[in-house]
Amino acid sequence: TSYQLVVSPGVVWTIDNSNISACNYMWKGILVKNEGYIIINNSSIYDAQYAVDLEDRTIATIDNTIFERNFVGIRTSGNPLDYNNINLSVSQCQFRTGSGLVTQFTNQSPPPTTKSFAGMQLADIGIDLTNAGLSANIFEDMSNGIIGSRINIDATNCKFNNIQPDPLYNNLTAFNGSGIYNRGGH
């Protein structure tokens, strides 16, 4: 069993100058439900399965935030019929494994290794990460930078450092070890 923070429909939750982490075991992360809105500024999120997990019809504005020791930093769920209606803005963020992932929670699936699987795992979304005039989003020391399924992405202002495949994640994506991998289309 693990814990999860939930942003309910109609709620705007702001996390500002904060650190959120687990104690000994991973936690599920922050789930933003349909019609929820999350703002994260100058903060750090550690030790989550999915640090920020966005359902369809959500808004997320994330700036100058560190995602460390998470299985995945930001995730969007797939929509088999069309693109998700998610307004996602990510600027000046860092995604990294750091000192290694903490122990998985009971029955966590998929099970993590000691390395982050991806900074972002996105599906059925268009996202612009160029952030003109701002510092780059940085993805480092993980198995994958951005894993996509039917995404339209501009990652011009992103840096990918030490992206190396963890062989134990080979069953999760065909191109494990990618800075950016995107498959399929609508």
Side-chain angles (χ1 to χ4, degrees), residues 4-21 28-79 82-96 98 116-140 142 144-161 163 178-186:
Q4 184 174 54
L5 299 172
V6 177
V7 180
S8 298
V11 171
V12 177
W13 186 27
T14 299
I15 301 170
D16 196 23
N17 295 306
S18 299
N19 294 318
I20 302 173
S21 65
K28 290 183 180 178
I30 301 167
L31 174 63
V32 183
K33 304 286 280 178
N34 290 335
E35 307 298 332
Y37 184 1
I38 190 164
I39 302 167
I40 307 173
N41 295 307
N42 305 311
S43 295
S44 299
I45 302 176
Y46 300 95
D47 308 323
Q49 179 179 25
Y50 302 108
V52 177
D53 196 359
L54 302 167
E55 289 187 352
D56 195 13
R57 298 188 320 273
T58 56
I59 301 172
T61 304
I62 305 170
D63 182 58
N64 199 31
T65 294
I66 296 171
F67 293 88
E68 189 168 322
R69 300 189 314 255
N70 300 297
F71 178 69
V72 172
I74 299 171
R75 179 176 86 150
T76 64
S77 299
N79 181 341
D82 202 355
Y83 279 102
N84 282 313
N85 186 10
I86 296 173
N87 184 343
L88 175 59
S89 172
V90 180
S91 60
Q92 306 182 106
C93 292
Q94 296 178 38
F95 301 84
R96 58 187 183 221
S116 295
F117 173 62
M120 294 183 181
Q121 186 176 17
L122 307 174
D124 301 306
I125 186 173
I127 185 168
D128 183 348
L129 298 172
T130 56
N131 305 315
L134 300 176
S135 298
N137 289 304
I138 299 172
F139 300 81
E140 61 187 358
M142 53 183 46
N144 300 279
I146 301 171
I147 295 291
S149 176
R150 300 175 307 273
I151 64 173
N152 182 4
I153 186 169
D154 186 338
T156 305
N157 195 22
C158 291
K159 294 182 180 178
F160 300 88
N161 303 317
I163 304 296
S178 299
I180 301 175
Y181 170 69
N182 184 32
R183 67 176 169 81
H186 279 287

**Item:** Atom pair CD1 (I39) and CG (D63), whose distance is rounded to the nearest 0.5 Å
**Value:** 11.0 Å
**Asked** Quick check: does any side chain N or O of T65 sit under 3.5 Å from a backbone N or O of C93, one acting as donor and the other as acceptor?
**Response** no
**Asked** From I125 CD1 over to N87 CG, what is the distance, rounded to the nearest 0.5 angstrom?
**Response** 8.5 Å
**Message:** I'd like to know if the side chain of N157 and the backbone of A132 have a donor-acceptor N/O pair within less than 3.5 Å.
**Reply:** no
**Message:** Does D124 form a side chain to side chain contact (heavy atoms under 4.5 Å, CB included) with T76? I'd like the steps, not just the answer.
**Reply:** CA-CA 8 Å; D124 301 306; T76 64; over 6 Å; no
**Item:** Under 3.5 Å: donor-acceptor pair, side chain of N84, backbone of A123
**Value:** yes
**Prompt:** Short question: side chain of E55, backbone of N34 - any donor-acceptor pair under 3.5 Å?
**Reply:** yes
**Request:** Output all residues satisfying salt bridge (charged side-chain N to carboxylate O under 4.0 Å, His left out) with E140, sequence neighbours left out; order by chain, then residue number.
**Result:** none
**Prompt:** Has the side chain of N182 got a donor or acceptor atom that lies under 3.5 Å from a matching backbone atom of N152?
**Reply:** no
**Request:** Show the numbers, then the answer: is there a side chain to side chain contact (heavy atoms under 4.5 Å, CB included) between I45 and I40?
**Result:** CA-CA 10 Å; I45 302 176; I40 307 173; 3.9 Å; yes
**Closest approach of T58 to V32 (non-hydrogen atoms, all atoms of both residues)** = CG2-O, 3.5 Å
**Prompt:** M120 versus N137: any side-chain heavy-atom pair under 4.5 Å?
**Reply:** no
**Asked** Do Q92 and N64 get their side chains close enough for a donor-acceptor pair, meaning under 3.5 Å?
**Response** no
**Request:** Look only at the side chain of D53 and the backbone of I30, and say whether a donor-acceptor pair between them is shorter than 3.5 Å.
**Result:** no
**Gap separating the CD1 atom of I86 from the CD1 atom of I127, nearest 0.5 angstrom** = 9.5 Å
**Asked** Are L129 and I146 close enough that some pair of their side-chain heavy atoms sits under 4.5 Å apart?
**Response** yes
**N70 side chain to A48 backbone, donor-acceptor under 3.5 Å** = yes
**Request:** Report yes if some heavy atom in the side chain of M142 is under 4.5 Å from a heavy atom in the side chain of I163; otherwise report no.
**Result:** yes
**Asked** Is the backbone N or O of S178 less than 3.5 Å from a side-chain atom of N144, with the two atoms forming a donor-acceptor pair by type?
**Response** yes
**Request:** Would you give the length of the straight line joining atom CD1 of I147 to atom CZ of R75, rounded to the nearest 0.5 angstrom?
**Result:** 13.5 Å
**Request:** Give every residue pair that meets the side chain to side chain donor-acceptor pair (under 3.5 Å) criterion with at least one member in residues 9-21, sequence neighbours excluded.
**Result:** N19-S44
**Asked** Say you draw a straight line from CZ of F139 to CZ of R96; how long is it, rounded to the nearest 0.5 Å?
**Response** 13.0 Å
**Side-chain heavy-atom pair I180, F160 within 4.5 angstrom cut-off** = yes
**Request:** To the nearest 0.5 Å, tell me how far S149 OG sits from R183 CZ.
**Result:** 4.0 Å
**Request:** Check whether any side-chain heavy atom of F67 sits under 4.5 Å from a side-chain heavy atom of V90, and report yes or no.
**Result:** no
